[in-house]
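Below is one structure, written out as structure tokens; comments come after it.
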Amino acid sequence: MGGEFIEEADMDVLPSMWPDDIGNEARKQFNMERPGVNRDMLEDVTIKDDPSVVDFKRLLELTSYSEKGSSQLAYLVKHWEYKHNNAVRLLNEEINILSKQRQEVELKKLEILEEHRFEEDSYAGSKRSVSILEDACDIWGRVPRRRNDILAYSRKLAIDADYDTVMYWKQRAMQLDKMLEESIEREHILTQKLEENIKDLETQPSPVEELSQILKRADNFLHFILQTAPIVIGHQDKELRYRFIYNHFPRLEEEDIIGKTDEEIFCGAGVKEIQDFKREVLERGSPAKREFTFDTPLFGSKTFMIYVEPVFSKAGDRIGVNYMGMDVTDQVAKREKMAKLREEIAVQKAKETELNRTIHITEETMRAKQMLATMSHEIRSPLTGVVSMAEILATTKLDREQSQLLDVMLSSGDMVLQLINDILDLAKFESGAMKLEATKFRPREVVRHVLQTAAASLKKELTLEGHVADDVPVEVIGDVLRIRQILTNLISNAIKFTHEGKIGINLHAVSEQHPGCQEQHHQGLTPVLPSTRLAKKNSSETQSYIDRETSHCSTCQERPDQNSNGKHHLTNEDTEKHNQKYEKIVWLRCDVYDTGIGIPDKALPSLFKKYMQASADHARKYGGTGLGLAICKQLVELMGGNLTVTSKEHCGSTFTFVLPYKVPLKRECPDDRDEDAAISDSDVTTDYSIDEKNGSFIFKPRTWGTLFSSDESTVCKTKLSGSSMLDTLDSSNGLSESVSFSSSDCTSRTSVDGVSPISDATKTLTELKGPVQQSLGHNGNDFRRINRRDEGCQDSRNGFVMHKFNSSIMDSSRTHWISGLQQGKMASSKGVNMAESGKCVPTCQSPRHEKEDNKSKCTSDRSSFKILLAEDNKINIMVAQSMMKQLGHRIDVVNNGLEAIRAIQHSRYDLILMDICMPVMDGMQATRLIRSFEEHGYWDASVSNGDDHAMACPDSLSHGPDAGRCRKRIPIIAMTANALAESAADCLANGMDSFVSKPVTFQNLKQCLQQYLPC
Amino acid sequence: MLGLGAARLEADMNRLMALLFHQGVLDEQFMQLQQLQDESSPNFVSEVISIYFRESEKLLKNLRSLLADRECTDYTKIGIHLNQLMGSSSSIGAKRVRTVCLAFRAASEHSNWSGCLRSLEVLEHEYCYLKTKLHELFQMEQHRVMAAGARYHPALS
């Protein structure tokens, strides 16, 4: 309150005396409109009954004691005083002016009267008494000329009469009279005005009224503003008792609040805090703001923003606090919600970033894996080049040191290749590209093959054993390659970490419900139980054989027969029984155990991790990348099984994996059984003795000691005699083959070992004693039989066992064959020798000489023989044709064995050159058929059927005189692509007379032909 | 001048042949082929070789396609093809090709797919080398014959 009120003084007086800005800053706090202007503004507003509760006594105290209150009041009073002083002053001034004028008028009147007297006296005297008047005349100048109406005196008196005449004076007097009258009149007006003013003054309101009016107006405004504001305003004294409170939503009566503290009024959360806060402000003496959340039974849970300021007395003592509170519950709620949202957004954002990073990493990883795969591929290609070239190099003539170096090179190359393959496998796993295939296979064969392979490359004195329980189905369906990979990996691991003792595989079915096993499995298994029980008995027996380790042929030979009989029967029966209903699933548990260094407990958890080995020390000592087990585990898991390990340090470890397999629905015809076996046969190692019983295999390091000590039975004697026979035979031949012979000798020993009880074997032995040629023939037949993978081995009695022995026979017979062949060569034909020597000295010159010789010879005995060439290779045909031309023989060319037979049926040949490998019918078969015809006089059904027309008339009829010659043995010379002894043996066994090894050289051919063609 | 050129070409040919023999690309069987060439069949060697190339290319193509799919590779067929290739290679004395074939066949007998593929790569490489070298040789031979004029000499006469 200030400046504006000054204007209210409706008097135009020296405004410069009162500067506009007189108040302190506080004055702006209470700005109001002038009540006169828009008075009715507040009239529209209904101000509800006063919600504020006031302790008036306290207010009075405050106004008188508190600095702020008194200054405010003093200000109001000062203002009022000023206003009225001003009015009084103005009135006084007016009065002064009026009285002065009146004095002047009276003076004038006197003067005029004197003048007149003097004028009259002037006649009598000339005394001038006007000396003072001269001054008086100037009085007008001193009067403020503010009001024009008062300046009537300046008017000039116009008198027409001549000066000093009577007329003049009369006129003059009249004029003055008039002036006097005017003056009096004016005086009267002024007096009236004064009176009015005084009256006016009386009507002015008292200061208290005015003050209270102002206050009321301010109060009204405040109420108007605050009427709906969620605000609480209050004042509390030093003890924090309420003295004043304004609350728009009063819940409590005046008596409930005034004179009480917060704590006395309310209870609940936040009350004590606000009390403490107020106290703190009071003590500190500086205002403060804080937010409080109340939870009182009175108004529920609300949040208030509280402002508290201390109030001081004039002496500077604290006498209380003012406080203002505003309900900010909604805002706080909103704010909290906002914060929460913001937090959520932040979390979301963080998640997003994380996700992006993960995606990025994943992409990066994928790319890396892709890279790895590509790289591996890129590395592999040139590496294969290196390895292959090294392999080729290995087939060339090398001295010992070179071949040793080459061995290292090859094994290193293979290792790198293996590693890259492993990495590729892993990459495949991780990209999910690994696919499994389901093929039928025989778990027994897989186990045996893995062991055989391991035994073949074994460089330590270790016993490898395998045991397949009888409850394992003969055939199951699974990814045989992968299973083999797992087994091979585990076995090679075992070998790597085992220095002495044994390594083995145990394979058996698990009958208990395996976790993850399907219901189907359960259904399938339960009915099998009786048979499994029976089988288990068997398996325990076989197990005991292994335990004894040294196997006695005489005892074990019979039992497996029984066992296998019984087993076959059983498996047949139950599989058939169940396959009608279900596709059975069987869980096979495979233990790969060793007596190696074992794995420390602390290394077990990381064992199956990539690139991890039990310790860095091991890695150094044993090498390897640590990928093998990781791959095994992943493979096993991919197939739906699990791989575990138990180990004891320094005692050995056992890796166990359990896998589900389907059992094929259809019983297989036993034909393809030997396919696996045949494959494994090809890998038969001669370094290890193989003891095989029903379901169990033992590969023992072969030592003479064990053989001799353990072999006590008569059978073994036979065996010994047999081998000694071989030796004598060998020595009698006087060949330099003794080294190779002795190595094969042991194979034959093993074979004899096992076969002895079977009549076949004794026959073999006796035949060994007989003429070499005959034994060759017999063995050759044996060999053929195996090679062609038919009958023989499949009599269920002997099963695989028999098979194995057969292959051994094959080996031994082969050996004899070679010796026999060489003998034959020595005895009969030096041509072969010559052929070999010719091959050994490949010079450019010598053939030329020979050729010239030949030419002369050929021309001399140009008896022109007719030769049939059965050959499918164009190049070979061309070469042979060219050679025959040079030799001067006529030649007919056919492309396969069947055509050759047809050709023979139609015309006569002096000699047949027969390629072995030909489509449709190979050379061997063709030769056999030809020989058979020569022997019996009629063609085999298979051939005659093929050519009924030609056969309709027998040879003897169609070519009468030739018939006899047809019956004569046509020399058949084989052309073998690989001059290996076995195919040479085959050739002779099949009735061929000789063979030329390919590539056919002019020399060889000529020499060969010379033997059979009468020159 | 012509005679000199022919002599030089002949020397070049001999050098190349020596190199091929030394490298083991060819062996004495190639000599056999050359011996079989005479007046009655003046182009015997080149005829045989060109047939060889034609046949081999077919075989290589077949081998490549047979090995295309790891899962269903017919190893028996591969074996047959290889026997063919081996037979003809040994007949012309392509020693190195033959050795690679041997390795290849060993791999196929073991149903070793990756080994087969490896061998095939080497085989193709060897085959290409042989082909280039023999082409070179025959070109020289041609030039030599041309340089020697109408007079024809059998390769090794």
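Order of the sequence lines fixes the chain letters, A, B, ..., with proteins taken first and strands second; residue numbering starts at 1 for each chain.
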A:E871 and A:N895: side chain donor to acceptor below 3.5 Å: no
A:S882 side chain to B:F44 backbone, donor-acceptor under 3.5 Å: no
Qualifying ring-ring contact (aromatic ring centres under 6.0 Å, His included) pairs, either residue in residues 51-91 of chain B, two or more places apart: B:F53-B:Y127
Ignoring hydrogens and angles, write down the donor-acceptor pairs under 3.5 Å from the side chains of residues 118-125 of chain B, residues two or more places apart or on other chains.
from: B:S119; atom 1: OG; to: B:G115; atom 2: O; distance (Å): 2.7
from: B:E124; atom 1: OE1; to: B:R64; atom 2: NH2; distance (Å): 2.8
from: B:E124; atom 1: OE2; to: B:R64; atom 2: NE; distance (Å): 3.4

Interchain contact, B:Q29 with chain A, by part (heavy-atom threshold 4.5 Å): side chain
Top contributor to chain A interface from B:A107, B:S91, B:S88 [non-hydrogen pairs under 4.5 Å]: B:S88
Region of B:I51 that comes under 4.5 Å of a non-hydrogen atom in chain A: both
Toward chain A, the part of B:E126 with a non-hydrogen atom under 4.5 Å: side chain
